[in-house]
Amino acid sequence: RGEIERYCRQGSLSLTIYHGPKRISSASELQKFDVVLTTYAIVQTEYSAKFRDAKESCPYCKKKYFPPQMAVHHKYFCGPKAHKSAALAKQQKKLPVAGR
């Protein structure tokens with residue numbers, strides 16, 4: 001906020017701070033401002049909450065991924081058709097086996 005006040009003419013930009021329990025939750029209200037200041041933590045929390053249910057479980061390892069990440073996961077890391085790198089294959093051979 002300080003840099004905007006320092007480098008912009010007063011009144012040239014409308015500004016709001018998107019932080020704290022009383023922050024504006026309406027997208028149409030936020031669009032009225034030229035600049036919306038927030039923190040990475042707020043963006044990450046709200047993004048995770050919105051897209052939490054969009055993740056799918058991998059049928060092989062049961063980890064959850066978004067659909068585009070699932071395609072990469074299946075292609076290179078998990079499943080019978082995965083093209084694992086030599087380093088990853090070597091690392092998986094070293095994992096301890098249950099019951100030994």
Show me the pairs that pass salt bridge (Lys or Arg N to Asp or Glu O under 4.0 Å) and involve residues 55-75, at least two apart or across chains.
none
The complete set of salt bridge (Lys or Arg N to Asp or Glu O under 4.0 Å) pairs with one or both residues in residues 25-48, sequence neighbours excluded, reads Arg23-Glu46, Glu29-Lys32
Which residues share a salt bridge (charged side-chain N to carboxylate O under 4.0 Å, His left out) with Arg9, sequence neighbours left out
none
List for me each residue that meets side chain to side chain donor-acceptor pair (under 3.5 Å) alongside Ser12, sequence neighbours excluded, and say none if there are none.
none
Separation between CD1 of Ile17 and CZ of Arg1, rounded to the nearest 0.5 Å:
4.0 Å
Kindly give the cluster partners of Tyr65, where membership spreads through any ILVMFWY side chain lying under 4.5 Å from a current member.
Met70
Just how far is it from atom CD of Glu5 to atom CD of Gln10, taken to the nearest 0.5 Å?
8.0 Å
Run the side chain to side chain donor-acceptor pair (under 3.5 Å) test against Ser26 and tell me which residues pass, sequence neighbours left out.
Ser28
If you look only at pairs with a residue in residues 11-21, which of them pass as a salt bridge (Lys or Arg N to Asp or Glu O under 4.0 Å), with sequence neighbours excluded?
none
Taking only residues two or more places apart in sequence or in another chain, which ones pass salt bridge (charged side-chain N to carboxylate O under 4.0 Å, His left out) with Glu3?
none
Nonpolar side-chain network containing Ile42, other nodes, edges under 4.5 Å
Tyr18, Ile24, Leu30, Phe33, Val36
Using the ring pair (Phe, Tyr, Trp, His ring centres under 6.0 Å) criterion, which residues pair with Tyr40? Sequence neighbours excluded.
none
